[in-house]
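Being a predicted model, the structure only gives us computed values, none of them experimental. The residues of the chain are indexed from 1 along the displayed sequence. No hydrogens, no waters, no symmetry mates; every other heavy atom, side chains included, goes into these values.
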Amino acid sequence: DRNGPKRSTAGCNIEQRKLRSAAQTQLNMCTKGVASSKDTTASTATEPDQPDMAQIHGMLSKILEETADLKEIRRSISSVDTKLSTLISRITQVEDRVSQLEDEQANLKARPAAATKEDIKLLTDRLATAEDRSRRNNLRFVGIPEGAEKNNVTAFLNEFISATLGIDPTPGGIEMDRAHRIGTRLEAGEKNRGRTIVARLLRYKDCQAILEAAREKKRLTWNGKQVMIFPDYSRETQRKREAFSRCKKALHERKIKFGMLYPALLKIFINGQSTCLTPSMCVIRSGRALDKLGNYTSFCRPLVRESNGM
């Protein structure tokens, strides 16, 4: 019986050692499992690191490219800003000028400026030129007695041109569009004087042919009355030409050849030489200027001297 308890104690020790060994074995196994699990976790944790770095590198590259694009965009925006500033400046200048013009126009409407003498002269000359051009196919017949046409001025002038100038007024020759007298009707005692007849021809060259034929005839008459033919000019051009009246009369008296150039120039021919005088130059205050008609210079210089002395 005494050995019984000892045996039971030894058996218990053996069982405890077995249990400890089994526990140690399980602990080791657990430790190995934990280690292997750590290694697996570490391997699974480290394996994705490499792809993450590549992605980061790619993202950085994209960011750098986008930064370069942003710089280019900034430069473009800066250029646009400069151009826009220039455009705004120009628009401001235009607005200022338009505003100034509007103010000036409003002032002119409120207080119209008087035309200067130069403006009036320029407009008068232009109007006279336009009127002369519209009359270039017209001729004036001066000196024909009143009533000689017998209510048919056109037929009478055709007859007059044919009889005095030798020009055939047929359809193949001179063609006259219309003709009439101008001015108020004369009294019974004034009919011998006769009003001026204005005729309009179809062609300008016909006017020139009639004037040239009249110059060659030098003197035209109808029933003993002297008839003169002139171009039809505006009142302003006629006024300028009237300034040569005294000078032309003196030239006629001395049988000096001369001619009139458009609009108002007097061309004089002496001893194979010629000169043109304007109305302001051909001013004769006395007969002294024409008393020295020996040659070209003695005639022209006194005219100029007399005109400058006025």
Could you check L266 against M260 for side chain to side chain contact (heavy atoms under 4.5 Å, CB included), going step by step and ending with a plain yes or no?
-> CA-CA 5 Å; L266 180 64; M260 291 294 299; 3.7 Å; yes
Determine whether F258 and I256 fall in the same hydrophobic cluster, where Ile, Leu, Val, Met, Phe, Trp and Tyr are linked whenever their side-chain heavy atoms lie under 4.5 Å apart.
-> yes
Between C247 and L251, is a side chain to side chain contact (heavy atoms under 4.5 Å, CB included) present by the stated rule, with each step listed?
-> CA-CA 6 Å; C247 188; L251 293 171; 4.3 Å; yes
With no hydrogens and no angle check, is any side-chain donor or acceptor of S99 less than 3.5 Å from a backbone partner on E95?
-> no
Write down the atom of A199, the atom of M176, and the distance for their closest heavy-atom approach.
-> CB-SD, 4.0 Å
Residues A148 and W222: closest non-hydrogen pair is CB-NE1, 4.1 Å
Over all atoms of both residues, closest heavy-atom pair of N152 and A155 = OD1-N, 3.2 Å
Residue pairs meeting side-chain hydrogen bond (donor to acceptor under 3.5 Å, both in side chains), one or both in residues 122-142, sequence neighbours left out, come to K121-D125, D125-K240, E131-R135, D132-S234, D132-T237, D132-Y262, R135-D232, N138-R200, N138-D232, R140-D232
How many angstroms lie between CG in L201 and CG in L157, if you round to the nearest 0.5 Å?
-> 9.0 Å
Between E72 and R75, does at least one N-O distance fall below 4.0 Å, as a salt bridge requires?
-> yes
Examine V227 and V198 and state if one hydrophobic cluster contains both, with Ile, Leu, Val, Met, Phe, Trp and Tyr joined whenever side-chain heavy atoms are less than 4.5 Å apart.
-> no
Side-chain heavy atoms under 4.5 angstrom apart, residues restricted to Ile, Leu, Val, Met, Phe, Trp, Tyr: same cluster for L211 and L265?
-> no
Counting only heavy atoms not in D103, do more than 12 sit closer than 6.0 Å to its CG atom?
-> yes
May I ask you to decide if I270's main-chain N or O and S274's side chain share a donor-acceptor pair within less than 3.5 Å?
-> no
Apply salt bridge (Lys or Arg N to Asp or Glu O under 4.0 Å) to E242 and R239, showing your working.
-> CA-CA 5 Å; E242 287 172 359; R239 183 187 64 79; over 6 Å; no
Polar side-chain atom of R195 near backbone of R181 as donor-acceptor pair, under 3.5 Å | no
Over all heavy atoms of both residues, which pair between A209 and I167 is shortest? Give the atoms and the distance, please.
-> O-CD1, 4.0 Å
Using atom types as modelled and distance alone, determine if a side-chain donor or acceptor of Q238 lies under 3.5 Å from a backbone N or O of Y233.
-> yes
Do T164 and K217 pass the side chain to side chain contact (heavy atoms under 4.5 Å, CB included) test, and can you show the C-alpha distance, the side-chain angles, and the key distance before you say yes or no?
-> CA-CA 9 Å; T164 58; K217 288 287 185 178; over 6 Å; no
Shortest non-hydrogen pair, T154 vs A179, comes out as OG1-N, 3.6 Å
I144 side chain near K225 side chain, heavy-atom distance below 4.5 Å | no
L139 CG to F141 CZ distance, which is reported to the nearest 0.5 Å | 5.0 Å
Kindly compute the distance separating OG1 (T275) from CZ (F269), expressed to the nearest 0.5 Å.
-> 10.0 Å
I182 vs H180, side chain to side chain contact (heavy atoms under 4.5 Å, CB included): CA-CA, chis, key distance, verdict | CA-CA 7 Å; I182 59 174; H180 63 274; 3.8 Å; yes
Going from CD1 on I229 to CD on E212, what distance comes out if it is rounded to the nearest 0.5 angstrom?
-> 12.0 Å
Can any side-chain N or O of T221 pair as donor or acceptor with the backbone N or O of G224 at less than 3.5 Å?
-> no
In this structure, CD1 of I174 is separated from NZ of K205 (nearest 0.5 Å) by 9.0 Å
Cluster companions of V142 among Ile, Leu, Val, Met, Phe, Trp, Tyr (side-chain spacing under 4.5 Å) = M228, F230
Spell out, as yes or no, whether a donor-acceptor pair under 3.5 Å connects the side chain of S78 to the backbone of R74.
-> no
Distance in Å, E118 CD paired with L123 CG, rounded so as to fall on 0.5 Å steps = 11.5 Å
